[in-house]
Amino acid sequence: MRDKFEREINYLRVSITDRCNLHCTYCRPKEGISLQGHDDILRYEEIIRIVSVAVKMGLIKVRITGGEPLVRRGFIDFIVALKKISGLQDISLTTNGILLEEFAQNIFNAGISRINVSLDSLNKDKYFHITNGGNLEAVLRGINKAEKVGFSPIKINTVAIKGFNDDEVLDFAELAFTKPFQVRFIELMPMGQANSDHSEDYLPAAQLMQKITSRYKLEKVAGKNNQAAGPATIFKIKGGRGEIGFINPVSGHFCATCNRLRLTADGKLLSCLLKEDEFDLKKALRENYSDEELARRVREAILSKPKQHDLACTQEHLKKCHRNMSTIGG
Ligand code: SAM
């Protein structure tokens with residue numbers, strides 16, 4: 001699956017629900033977002049059909065996300081069904097970790113061994129505040145359980161927020177020093193809720209890096225800022241067990257190596273996080289499109305991928321994007 005710019009598109013992020021058990025202040029509106037009804041979101045069989053069609057076209061990698069994927073009933077059976085799709089080489093999961101302790105073993109047994117956990121603070125009260133009521137202890141227990149069960153790698157995704165967690169950068173680095181985790185700092189993208197409530201809170205990755213290198217020596221991991229590794233630039237902490245990564249969607253976009261499509265819970269295929277065009281696969285499925293017709297839709301989405309965000313990912317462009325990440329899945 002090559003797009004117009006000769007990029008190989010082989011990765012699909014699938015949001016299986018728009019519901020979440022947290023309400024992070026930069027991700028979802030306080031008053032809650034209109035939650036879609038049962039019929040509005042894709043049934044698991046429908047997702048499996050889309051993935052099967054895309055795998056025949058060259059898809060090799062799926063990441064399950066949300067909302068919060070662990071709140072959707074039946075997701076373990078869904079993973080088992082995904083695993084049966086021949087040709088699909090890699091399935092991973094992104095979670096906020098609240099329910100991870102309960103589900104880690106079953107997720108692992110179902111065949112997922114790579115997991116990303118979102119965690120923006122290591123301070124109980126701050127975590128409670130940013131997530132609108134989340135329990136940090138539950139997440140930490142979940143991460144420990146994932147480690148015991150054998151997940152590898154375990155990636156901790158931390159959105160850097162000025163005035164909120166900039167004083168915790170070294171604590172997160174310490175976590176990567178003492179544990180075999182990859183802690184990745186992600187620049188806050190001013191889209192949706194982040195654009196209204198956190199418009200002044202963007203922190204460039206370079207500042208975080210400066211702080212970290214004041215205490216730790218970072219060694220760039222060769223080959224870990226390429227398409228296969230995703231958009232993060234990864235460093236080993238000298239003498240430590242884990243790694244530190246930086247994902248810079250604002251200060252340095254990574255469109256040239258973008259290999260992904262996104263499927264929303266309500267069946268819209270998106271060719272770019274920041275492009276408003278959507279390809280309605282739910283409608284196609286429910287109007288009994290053949291596999292060939294579905295494949296044509298997928299191809300259309302791929303061919304619509306822009307070379308890069310319209311304005312090379314300037315803040316002005318990002319601000320035009322009104323979607324919240326909770327509806328797309330990150
Ligand atoms: N519930 C799951 C979780 O917490 O990982 C999956 C969905 S969540 C929307 C995916 C990721 O998007 C989280 O790491 C979250 O912090 C991140 N995110 C949400 N809004 C963002 C923004 N404006 N800029 C950068 N990352 C954002």
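For the numbers below, each heavy atom of this structure counts, side chains included, while hydrogens, waters and symmetry mates do not. Note that ligands are numbered from 1 as they come in the structure, with each ligand's atoms numbered from 1 the same way.
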Would you confirm whether the ring centroid of Phe103 sits within less than 6.0 angstrom of the ring centroid of Phe75?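 Yes - the distance between ring centres of Phe75 and Phe103 falls below the 6.0 Å cut-off.
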Hydrophobic clusters here meaning ILVMFWY residues chained together by side-chain heavy-atom distances under 4.5 Å, can you tell me if Ile16 and Ile41 are in one?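 Per the 4.5 Å side-chain linkage, Ile16 and Ile41 are not co-clustered.
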For Ala104, give me all partners under side-chain contact (heavy atoms from CB on, under 4.5 Å), at least two apart in sequence or on another chain.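 Scan of Ala104 (side-chain contact (heavy atoms from CB on, under 4.5 Å), adjacent residues dropped) gives Leu100, Lys145, Val149, Phe151.
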Backbone, side chain, both or neither: what part of Thr95 comes under 4.0 angstrom of ligand 1, heavy atoms only?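 Within the 4.0 Å criterion, Thr95 contacts ligand 1 through backbone atoms alone.
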At a 4.0 Å threshold, what atoms of ligand 1 neighbour a non-hydrogen atom of [X]?
{"X": "Thr65", "result": "6 (C), 7 (C)"}
{"X": "Gly67", "result": "1 (N), 2 (C), 6 (C), 7 (C)"}
{"X": "Val159", "result": "16 (O), 26 (N)"}
{"X": "Asn96", "result": "2 (C), 3 (C), 4 (O), 5 (O)"}

Is the terminal nitrogen or CZ of Arg72 (NZ for Lys, CZ for Arg) located under 6.0 angstrom from the six-membered ring centre of Tyr44 and within 45° of that ring's axis?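 Satisfied, under 6.0 Å and within 45°.
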So, regarding [X] and ligand 1 (criterion: nitrogen or oxygen to nitrogen or oxygen, under 3.5 Å), is there a contact or not?
{"X": "Ser118", "value": "yes"}
{"X": "Glu68", "value": "yes"}
{"X": "Pro69", "value": "no"}
{"X": "Thr94", "value": "no"}

Return the orientation label for the Phe172 and Phe185 ring planes: parallel under 30°, perpendicular over 60°, tilted otherwise.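 Ring orientation, 0 to 90° scale: perpendicular.
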So, Asp266 and Thr264: side-chain donor and acceptor under 3.5 Å apart, yes or no?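 Yes, Thr264 and Asp266 have a side-chain donor paired with an acceptor closer than 3.5 Å.
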Any donor-acceptor N or O pair under 3.5 Å, side chains Glu68, Thr95: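 Side-chain D/A pair, Glu68 to Thr95: present.
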